[in-house]
Amino acid sequence: MAQASAVFTVTRCSSFTPGAHFPYKQGTPLPPVLVHCIPLSEATIVVSCVSDPTFHRPADLSCPLTHGLPQTTLLDSPLDTLPYHGTKTPAVPSLLRCQTPAVPSLLRCQTPAVQDPPRCQIPSGARSPAVQDPLQCQIPCSARSPAVQRPQPCLQTYLQCPLSHLSRVFSLELNLKKDFIYLFFLLMAHENETPGDRIPRIDPYGFERPEAFDYVFYEDFYSRYLTVLTRRAAKWSKLLQKSTAVEKSLKDLNRTFPDNIQFKKTADPCLQSNLYNVLVAYGQHNRRVGYCQGMNFLTGYLLLVTKDEEKSFWLLDALIGRILPDYYSPAMVGLKTDQEVLGDLVKMKIPAVAELMERHGVMWTLVVSRWFICLFIDILPVETVLRIWDSLFYEGSKIIFRVALTLIKRYQAFILEARNFPDICEKFKEITKGKYVTECHLFMQVLFSRTLFTFKCTTPLLWDIWDSPFLDLPIRLVLVCMNKKITF
Amino acid sequence: MQSHQKEHLYKILVIGDLGVGKTSIIKRYVHQNFSPHYRATIGVDFALKVLSWDSDTVVRLQLWDIAGQERFGNMTRVYYREAVGAFIVFDVTRPATFEAVSKWKEDLDSKLTLSNGTPVSAVLLANKCDQGKDGLKNNYLRLDQFCKENGFVGWFETSAKENINIDEASRCLVKHIIASESDLMQPVESDVVKPQMNSSKIANCSACFKS
């Protein structure tokens, strides 16, 4: 049989964990593959490629991951519960036991949901005689038009082919709400293949596998592990799916970082949609908190740094759920408490400022609530914020007090110049600007110098050096020496 | 001559739902500019505007820009203290923000009264009128009625973008503040307003009387 020139492309490979191992880059032609589509939860699963039955062991594939996996491990529900046509072959390798029916060599396709022709964007050149018929069975190629697919909540497509024709990849795409496509894949084995044939000698991280590598066990492990990964990813996709009240209150998408090019509506990719997803998912995940203004800024920063929705989500969860004590819940008890605590700390450490605030009736919440809610975003320079966050993630919310006290202490004299209420508010805005806070590394050093509030005689010198516009080597040396003195 | 000038300092709240344009109105009024790209206000922000009211009166307005999200409500309660007037803003392109107006007004009146127990002067702003499709034209009467029922001293169609009616609205509010102040003012009193929060309510607590 003539080799078909079936060429399909991966239209999008998301950062979904199993997909991270996806061997093909976006836009790369895929080898002919078997396709199998099964609905997973409420997501729509669609297929983007179809196998070429004439296709055999593709030795020439530069595919780094070739774990054969039983389908049941890939999906939460066992295959047997899914629409299934054809009989199972008993004599198949265990890995493929669940999904290798003895069916005619032609692929069979079952698509309950009728597809409009435009959705089947299989390139014409992709049709080998052998696969033509099944292809005409309306295999949706929605990876190319995710938006068109969305209205269909649960499309099922199921293809089967004999074992000998199971060649390479299962490509499943969860076409979720908001055009999110998760793509993961499953490599199928040939009858006479061993795990050693399937698993590459170099692991996905670039390490060569040792001579005595237990491929059989590893494949077994990985097929189980992929279940875990899939479950985790499925959780994320579930969080994204449900619309909540959070969505309604999300008026802040284009009011998050309007001056950031990556958040502009015209940007490609535009982080606004990622921001939306993370916030909706978080509202879903932590209903007690839902959405609180300020979380948009935190998420925005996390997205800018990680470039990844899911990572941002979990970091946000760490911040809100663990690190910050109840800042964003409807009663904002933690926030109010911490503002009071700061007031008390100032009273102890910098009494003159506390007295000034009291005299003019300035509530701490008025000048510092944004410090707490936005964790210094838009208040201090980006580099400084990120350094503070490093410490925040590591040491907890007490860092916020440290930053606040350091600033107030440093600018004590300046703040005390204030004569009235608006003056004070203005001073508190001013002290977050300038060289002092831009020099983030030095700022962090001072933040953690133990003498900051105990040895009053040494710190002013440190501040003076810091204020020097030219931090040349000798001065830095002095600084280092001083730091030593301070630290030890 | 300046020494003869009287100075008034008024604290004015700007409240209303999320994204109705409170910050934009303030920026327009105080800095005479507009940007479609303001960030969401967190907590509270404030700005100063100095008005030459008449030849011998200078009015300093402290405009308090209060975050629109409901949950900041119980935190922003403290910001209401000592305010003598308020703008309540809604967005003409989003009816839900108008529905929230009476809620904002009730909230304001429950948290803040003048020393004689009367509510502070409040002006209703129908903002983004440059975007509304004549929707308000038919509702003039309804809005007049609404203001009467809900105790607003007046309402204005405004646009921070096109600078429509913001100065007018402000003059209207200040006029009413001054008027209510002279009502309040007993002779010899300075022009300081001393709101007493909830004092009457506490006295009305039924449990207190029972014991």
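This is a predicted model, so every value here is computed, not measured. Residue numbers begin at 1 in each chain, while the letters A, B, ... track the order of the sequences.
For a residue to count as touching a neighbouring chain, one of its non-hydrogen atoms must lie under 4.5 Å from one of that chain's; by this rule A:C292 touches chain B with backbone and side chain alike. Heavy atoms of B:L48 lying under 4.5 Å from chain A belong exclusively to its side chain. Interface residue A:L366: backbone and side-chain heavy atoms are both found under 4.5 Å from chain B. Contact of A:T365 with chain B is made through backbone and side chain together, with heavy-atom distances under 4.5 Å. With a 4.5 Å cut-off on non-hydrogen atoms, B:R60 does not touch chain A at all. Of the two parts of B:S35, neither the backbone nor the side chain holds a non-hydrogen atom closer than 4.5 Å to a non-hydrogen atom of chain A. Contacts between B:D45 and chain A at a heavy-atom distance below 4.5 Å involve the side chain alone, from C-beta outward.
Put simply, the side chain of B:E7 never gets that close to the backbone of B:V58: no donor and acceptor are under 3.5 Å apart.
The pair B:D107-B:K111 counts as a salt bridge, with a side-chain nitrogen and a carboxylate oxygen less than 4.0 angstrom apart. In this structure, B:R39 pairs ionically with A:D259, as a charged nitrogen and a carboxylate oxygen lie closer than 4.0 Å. Under a 4.0 Å N-O distance rule, the pair B:K128/B:D91 qualifies as a salt bridge.
Here the closest non-hydrogen pair linking B:T93 and B:Q131 is CG2-CB, 3.6 Å.
Heavy-atom pairs under 4.5 Å with chain B were tallied for A:C425, A:A331, A:P330; the largest tally goes to A:P330. Interface remark: of the candidates A:N296, A:D378, A:T256, A:N254, A:D378 forms the most heavy-atom pairs closer than 4.5 Å to chain B.
Taking a 6.0 Å sphere around NZ of B:K49, one finds it holds more than 12 heavy atoms contributed by other residues, nucleotides or ligands.
To the nearest 0.5 angstrom, A:I400 atom CD1 is 12.0 Å from A:L405 atom CG.
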